[in-house]
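Step one of this worksheet: look at the structure below.
In what follows, every heavy atom counts, from backbone to side chain, and hydrogens, waters and symmetry copies are set aside. Small disclaimer: the values here were computed from a predicted structure and weren't measured.
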Protein chains: 2
Amino acid sequence: MSHSGARRADARQNVDKILGAAVACLSRNADASVSEIAQAAGVGRVTLYGHFPSREALVEAAVMRVLSEGEKVLGGMDLTGDPREALNVLIRSSWLLLAQATAVLEAAQASLPPGRLQELHAKPAQRVDNLIRRGQAEGVFRTDLPADWLVSVLHHVLHGAALDVAAGRLDRADAPHFISETILAAYTRSDK
Amino acid sequence: MSHSGARRADARQNVDKILGAAVACLSRNADASVSEIAQAAGVGRVTLYGHFPSREALVEAAVMRVLSEGEKVLGGMDLTGDPREALNVLIRSSWLLLAQATAVLEAAQASLPPGRLQELHAKPAQRVDNLIRRGQAEGVFRTDLPADWLVSVLHHVLHGAALDVAAGRLDRADAPHFISETILAAYTRSDK
DNA sequence: CAGAACTCGAACATGCCTGTTCGACTTACT
DNA sequence: AGTAAGTCGAACAGGCATGTTCGAGTTCTG
């Protein structure tokens, strides 16, 4: 095992640290500078450019990373059964990941060609979308509002909760419970 | 009426156009450039600097404008009576304004000294906060979630809806209805 | 140990944004 | 009509971010 690349050991490790720092920084600040990300990764700016040719490439790599992590979680999760329970499980076990994903995705929206984003984001988003539509079809979730809107609400509540946690307005431990309770209620008609 | 200022007629008119453009631009793009705002207002960049000494002053003026507009609407609105109805009226008649306010406020957060913001934002936010707390006290809104969180949810759903409209994912005419239905449901316990 | 891969800091070119100054021009008020 | 207020474009200075190059140092790998 030595023919494909030379000193991959620490190089790949650095790439990993950079990607992690990029996700963290872009979640907090949509237009974080390359220097900022490099510093957060504990690596020189030049080293970063040695691994990613441009800021755009770095952002795209960060998006793909957070997306693949999302796939890993979403893929190994049982979303069949009662849609309420499935949604509950999904939120409780991956809200930080989803929130991080939406944050990085929005950050990427400013630095990436317009179409490129939804092209990558399509599949994971479709999973949540399908769950909601199934819940509607089974009469568990309200049908007086379009599924697109319900997805959007989940989206924005997750992102908002992540912002609140980052700003110290919300206890990280409370977040999953609050989100879950709020979304489940919102997905059910209020009167009658 | 001629002693306080000379050719105020079109000067003040330009200030107005600039402030309007600033609010519009900052709602779409939190870090819109001064050139961009000036161009959107149909005036030269130099003229803008003639009225506002710095970008920071411009942003603050835009915040004060949107806040005073908010006060005008919130102040002349009857928020007594059934909290559900009051919240419904508030959302339906001012969602765009509220959404615009949150957008500009977030934009300002990046360009203004940290404390300065909540200092100005305090009173209008308190009004909504009070309405929600009153609803909780009267047993109309759920009390298993803290009022701060419910305010935050309204905040983020409004902002999110504004983003969706701007991105063409949501019809502007549908927004008030969707928001109102969603929030009212979210403010009520789902089961039992 | 020796070479290659990798890292790093400093420095440079470029570009955008902010503020500012200057001079010429247009417009409103008396 | 005349004067002062206001507008505008061009052009400058400073700052910060993106990429790039160079040379020297460090560390993995064989």
- Message: Grouping I, L, V, M, F, W and Y whenever their side-chain heavy atoms are under 4.5 Å apart, do B/Leu97 and B/Leu26 come out in a common cluster?
- Response: no

- Task: Please figure out whether B/His51 or A/Tyr49 has its closest DNA chain D nucleotide nearer the 5' end.
- Result: B/His51

- Item | side-chain hydrogen bond (donor to acceptor under 3.5 Å, both in side chains) between A/Ser111 and A/Arg55, intermediate numbers included | CA-CA 8 Å; A/Ser111 322; A/Arg55 185 184 193 280; 3.2 Å; yes

- Query: Would one find a side-chain N or O of B/Asn14 under 4.0 angstrom from OP1 or OP2 of D/dT7?
  - Reply: yes

- Message: What's A/Val46 touching, base or sugar-phosphate or nothing? Going by heavy atoms closer than 4.0 Å.
- Response: base

- When you measure from the side chain of A/Ala11, which nucleotide among D/dT18, D/dG6, C/dC6 comes out closest? C/dC6

- Note on the structure: Whole-Å distance, A/Arg55 CZ to D/dG19 C1', equals 13 Å

- Task: Verify the cluster assignment for B/Val66 and B/Leu96: are they in a single hydrophobic cluster under the rule of side-chain heavy atoms below 4.5 Å apart?
- Result: no

- With the side chain of A/Thr47 defined as its heavy atoms from C-beta on, choose the nearest nucleotide among C/dT18, C/dA28, C/dT7. C/dT7

- Out of D/dT18, C/dT7, C/dG19, whichever nucleotide has its closest atom nearest the side chain of A/Val34: D/dT18

- Over how many whole Å does the gap from A/Arg12 atom CZ to D/dC28 atom P extend? 17 Å

- Euclidean distance, atom CG of residue B/Asp16 to atom C1' of D/dG6 [Å, nearest integer]: 17 Å

- Let me know the distance between NZ of B/Lys17 and C1' of D/dC8, rounded to the nearest Å. 13 Å

- Task: Ignoring hydrogens and angles, answer whether the base of C/dG19 and the side-chain atoms of B/Arg45 contain a donor-acceptor pair closer than 3.5 Å.
- Result: yes

- Within a reach of under 6.0 Å around CZ of A/Arg172, are more than 12 heavy atoms found that belong to other residues, nucleotides or ligands? no

- Message: Strictly below 4.0 Å: does A/Ser35 bring a side-chain N or O up to OP1 or OP2 of D/dA17?
- Response: no

